[in-house]
Amino acid sequence: MDFALTLIDWYNLNKRQLPWRETDDPYKIWLSEVIFQQTRIEQGLAYYHSFTGRFPTVQHLAQASEDEVMKLWQGLGYYSRARNLHTTAKTIVEKFNGRFPDNYADILALKGIGPYTAAAIASIAFNLPHAVVDGNVMRVISRWFAIDDAVNSTVGKKKIEIVVNELLATHTPGTFNQAMMKFGALFCKPKNPDCESCIFNTACLAFQKGSVGKLPFKIKNQPPKKRFFNYLLLISGKGAYQKVYLNKRVEGDIWQGLYDFPLIETETETEMDVLINSSVWKVVFKDTSPVIIQISRIFKHQLTHQQIFAKFITISTEKNLSETFNDFLYVNLKNLADYPVPRLIEQYLSENGFLN
DNA sequence: AAAGCGGGGGT
DNA sequence: ACCCCAGCTTT
């Protein structure tokens with residue numbers, strides 16, 4: 001059985017008229033593809049009409065102000081799509097003389113156009129043999145060939161891309177691509193697909209193995225780990241006598257504090273601004289995982305000459321130390337040198353059970 | 001390789 | 001009140 005021909009037959013019997021498919025203008029095809037990225041038909045359709053109405057050609061879009069483009073996009077979400085749309089319209093006018101590029105590489109190079117959109121435009125507008133790989137296609141192919149590599153991994157994507165390009169009906173790539181996506185959307189659905197009446201069920205490996213429900217496999221995105229990064233910013237004195245024990249950051253440095261800061265080892269860089277003496281200082285951390293940053297300002301007191309002003313900065317989270325830190329705020333020190341700061345912090349944390 | 005982007009729909 | 005979706009850019 002010829003997969004592509006069978007699929008296209010199915011498509012011709014089942015297709016509905018889609019307003020944005022009734023054109024061979026690459027500009028409008030591009031517009032529709034961008035609008036319908038991550039967007040449901042019901043939600044995007046009105047926007048497609050207002051964009052083609054207000055900007056019937058790429059020149060109209062290129063000449064518009066960014067403000068107007070953004071305003072027309074309002075409510076659709078993923079606003080970088082609108083900015084890229086505008087940028088690319090200007091690129092096409094300036095660099096391509098207003099004519100949409102007609103080869104895959106040039107199309108792919110445009111802002112906001114990735115592999116999916118480039119393949120869609122190349123195949124639908126220019127009849128070029130590039131298979132689209134969107135969520136629908138990944139689902140159909142991963143089931144048909146029982147590919148259990150994660151479809152959101154590089155390996156899994158690559159496998160699917162290779163397979164679907166072999167299946168592609170090279171004489172009618174645009175129709176094939178639309179048929180694949182339509183079949184995935186209407187028949188090979190994410191949940192409860194009607195496999196019993198599927199025209200491909202005898203060839204579908206996942207159906208034969210009973211693994212349709214498990215495919216496509218995706219690696220679950222793990223939530224950011226919350227961790228505590230606690231440290232002190234020490235300020236002593238007042239007015240002209242005030243001293244801040246933290247050096248201003250210079251180009252290329254990591255940490256130039258009075259002491260080696262990190263209480264917990266870190267690898268991902270995190271940078272934050274701290275306001276000291278009316279000027280902004282930058283502090284850089286490293287961490288092994290995404291962090292949530294909270295800066296707690298736990299003091300609003302007058303500083304007297306011999307008091308240490310301890311500002312506690314908490315990054316992240318299983319325990320929030322800021323509440324327990326109030327009694328650490330004022331430490332009367334005759335001479336700061338008598339109290340090696342890291343030791344003091346360590347001791348405090350240890351005594352309070354935070355270093356286990 | 002992995003995070004971030006914005007809405008809407010489902011649970 | 002969450003969780004999920006999905007193509008592209010950025011890091």
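Throughout, protein chains are lettered first and strands after them, A, B, ... in sequence-line order, and every chain is numbered starting at 1.
Atoms CG (A:N152) and P (B:dA3) sit 11 Å apart, rounded to a whole Å. Per the geometry, CG belonging to A:L85 stands 12 Å off P belonging to C:dT9, to the nearest Å. The distance from atom CE of A:M138 to atom C1' of C:dA6 is 7 Å, rounded to the nearest whole Å. Rounded to an integer number of Å, the gap from CD1 of A:I219 to P of C:dC4 is 15 Å. Atom CE of A:M181 and atom P of C:dC5 are 19 Å apart (whole Å). Between A:R139 atom CZ and C:dC4 atom C1' the separation is 13 Å, expressed in whole Å.
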With sugar-phosphate taken as primed atoms, P, OP1 and OP2 and all else as base, the protein-contact string of nucleotides 5-11 of chain B at under 4.0 Å (heavy atoms; B, S, -) is BBSBS--

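Nearest to the side-chain atoms of A:D134 among the listed nucleotides C:dG7, B:dA1, C:dT9 stands C:dG7.
When all heavy atoms of A:L167 and A:F176 are compared, the closest pair comes out as O-CE1, 3.8 Å. Summarising the geometry of A:I147 relative to A:K159, their closest heavy-atom pair is CG2-CD, 4.3 Å, with the distance given to 0.1 Å. When all heavy atoms of A:I41 and A:W20 are compared, the pair lying nearest together is CD1-CH2, 3.6 Å.
For residues 172-201 of chain A, the set of pairs meeting the salt bridge (Lys or Arg N to Asp or Glu O under 4.0 Å) definition, not counting sequence neighbours, is empty.
Summarising the local packing, CD of A:E22 is surrounded by more than 12 heavy atoms from other residues, nucleotides or ligands at distances under 6.0 Å.
Paired regions of DNA chain B, where each region holds three or more successive Watson-Crick or G-U pairs whose two hydrogen-bonding distances fall under 3.5 Å, are B:1-5 with C:7-11, B:7-11 with C:1-5.
Between A:F183 and A:F200, the ring center distance clears the sub-6.0 Å criterion.
Among the atoms of the strands shown, none is found under 4.0 Å from any heavy atom of A:P190. Contact annotation for A:L108: no contact, since no heavy-atom pair falls under 4.0 Å across all strands. When heavy atoms are screened at a 4.0 angstrom cut-off, A:K218 is found touching the sugar-phosphate backbone but no base atom.
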